Each structure stands twice: as structure tokens, then as C-alpha cells.
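Read the structure below first, then the notes.
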Amino acid sequence: QMQVVESGGGLVKPGGSLRLSCAGSGFTLGYYPTGWFRQAPGKKREGVACISSSDGSTYYAESVKGRFTISRDNAKNTVYLQMNSLKPEDTAIYFCAVDDVFRSKCHGVEQFAMDYWGKGTLVTVSI
């Protein structure tokens, strides 16, 4: 069964940076579309970014474009989310998720196609 584990969350000041990691276990993460999602307190979970496995294409939510970057390191079986210029409104639990369709593209940053989810890592942006 596909398992993913997130890490890298923490407390950061506005304007700061963090890099989140999503490590795959028991399968080759690079063969499957992988996305990052977040849920802020009192809000619904939303898509943040996704990276396809067929062509490496990437997708971002409008709210993070130009600030966040999603990438893969297949040798480490890991997907990253580099977050720069962080804002208090980026505070949320960040989840990694995988679409189990082999060598396919993301459906934007939509959640419906994602089949396997991690437990999340908390990012807090505050002074």
C-alpha cells in the first residue's frame, strides 16, 4: 500500500521560508502525481500545488503562485514544497497526497483524484 509521510513544518516569521518534504514508502513516488494540500483552522482543505508524473508539469493555487515551488527528487523518493515569502494566512496543516494512476497528470490542484494521504505537518506563520 502506498504511504507518504510529511515533514518540515514548524514556526516561521512572516516573510520567511520553509521546505516541506513528502517521502514515499513502499512504492516509487516518481511514477504518480503528487500534490500538496492544506487546511487552515476553521476552513476547508484546499489544494496548494501538484506535480505530474507523466511530464513533470506543475500546478499551483493562485494564492501561492510565485511564492511556492513543488519539485521531485526521484533518487530520494521525495516530493518537496519550497515555501517562500510566507504570510500569516499560509498557516495550516499541510498534507501530501498521491494519485494512484501510473504515469499520469495532475488534475490541477483538485483533491478528488488523490487516493493516498499523509497525516500532515503543521506550518505556523507568526511573529
Side-chain angles (χ1 to χ4, degrees):
Q1 185 175 358
M2 295 180 178
Q3 291 186 334
V4 289
V5 178
E6 306 93 338
S7 62
L11 174 64
V12 63
K13 294 181 179 179
S17 298
L18 276 178
R19 188 178 76 163
L20 305 183
S21 299
C22 171
S25 175
F27 71 107
T28 301
L29 191 58
Y31 288 152
Y32 301 94
T34 305
W36 285 96
F37 302 83
R38 67 186 182 185
Q39 186 167 19
K43 295 188 177 181
K44 293 183 179 180
R45 189 170 60 193
E46 63 177 0
V48 175
C50 190
I51 184 165
S52 301
S53 57
S54 56
D55 59 4
S57 54
T58 56
Y59 303 84
Y60 297 93
E62 285 296 325
S63 60
V64 306
K65 277 184 180 178
R67 300 189 298 123
F68 291 10
T69 303
I70 190 170
S71 63
R72 290 185 183 277
D73 185 336
N74 290 333
K76 295 184 178 180
N77 210 32
T78 299
V79 168
Y80 300 101
L81 184 68
Q82 177 67 44
M83 306 186 295
N84 299 328
S85 302
L86 282 161
K87 304 175 181 180
E89 51 263 43
D90 294 317
T91 295
I93 300 174
Y94 283 72
F95 300 91
C96 174
V98 178
D99 177 349
D100 68 359
V101 179
F102 186 74
R103 291 197 187 279
S104 62
K105 293 191 70 170
C106 297
H107 297 270
V109 294
E110 297 294 331
Q111 304 180 53
F112 69 87
M114 296 300 169
D115 301 289
Y116 297 94
W117 293 79
K119 294 182 178 180
T121 186
L122 177 63
V123 172
T124 303
V125 185
S126 176
I127 57 175

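Values below: every heavy atom of this structure, side chains too, minus hydrogens, waters and symmetry copies. All values reported here derive from a predicted model rather than from experimental measurement.
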*side-chain contact (heavy atoms from CB on, under 4.5 Å) between Thr69 and Leu81: does it pass, once the steps are laid out?*
CA-CA 6 Å; Thr69 303; Leu81 184 68; over 6 Å; no
Single-linkage hydrophobic cluster, 4.5 Å side-chain cutoff, [X] and [Y] together:
X	Y	result
Tyr80	Val98	no
Val64	Leu122	no
Phe37	Tyr59	no
Val123	Trp36	yes
Val109	Ile70	no

Under 3.5 Å donor-acceptor pairs involving side-chain atoms of residues 9-30, not counting sequence neighbours:
unit_1 : atom_1 : unit_2 : atom_2 : d
Ser17  : OG     : Asn84  : OD1    : 2.9

Hey, what do you get for [atom1] ([X]) to [atom2] ([Y]), rounding to the nearest 0.5 Å?
X	Y	atom1	atom2	value
Asp100	Tyr116	CG	OH	5.0 Å
Cys106	Asp55	SG	CG	9.0 Å
Thr58	Lys65	OG1	NZ	9.5 Å
Arg38	Phe68	CZ	CZ	5.5 Å
Met2	Tyr31	CE	OH	11.5 Å
Cys50	Met114	SG	CE	4.0 Å

*Indicate yes or no: does Glu6 engage Lys119 in a salt bridge with an N to O separation below 4.0 Å.*
no
*asked:* Show, in sequence, the C-alpha distance, side-chain angles and deciding distance for Lys105 and Ser57, and conclude whether the side-chain contact (heavy atoms from CB on, under 4.5 Å) test is met.
replied: CA-CA 7 Å; Lys105 293 191 70 170; Ser57 54; 3.5 Å; yes
*Give a yes or no on whether the backbone of Val125 and the side-chain of Thr91 come within a donor-acceptor separation of less than 3.5 Å.*
yes
*Is there a donor-acceptor pair closer than 3.5 Å between any side-chain N or O of Gln111 and the backbone N or O of Arg45?*
yes
*Going through the checks in order, is the side-chain contact (heavy atoms from CB on, under 4.5 Å) test met by Ser104 and Asp99?*
CA-CA 9 Å; Ser104 62; Asp99 177 349; 4.2 Å; yes
*Taking only residues two or more places apart in sequence, or in another chain, which ones meet Phe95 in a ring pair (Phe, Tyr, Trp, His ring centres under 6.0 Å)?*
none
*Show your reasoning for whether side-chain contact (heavy atoms from CB on, under 4.5 Å) applies to Asp90 and Met83.*
CA-CA 9 Å; Asp90 294 317; Met83 306 186 295; over 6 Å; no
*asked:* Minimum heavy-atom separation for Thr78 and Lys76, please, with both atom names.
replied: OG1-O, 2.8 Å
*Which heavy atom in Pro33 sits nearest to a heavy atom in Arg72, and how many Å separate them?*
CA-NH2, 3.9 Å
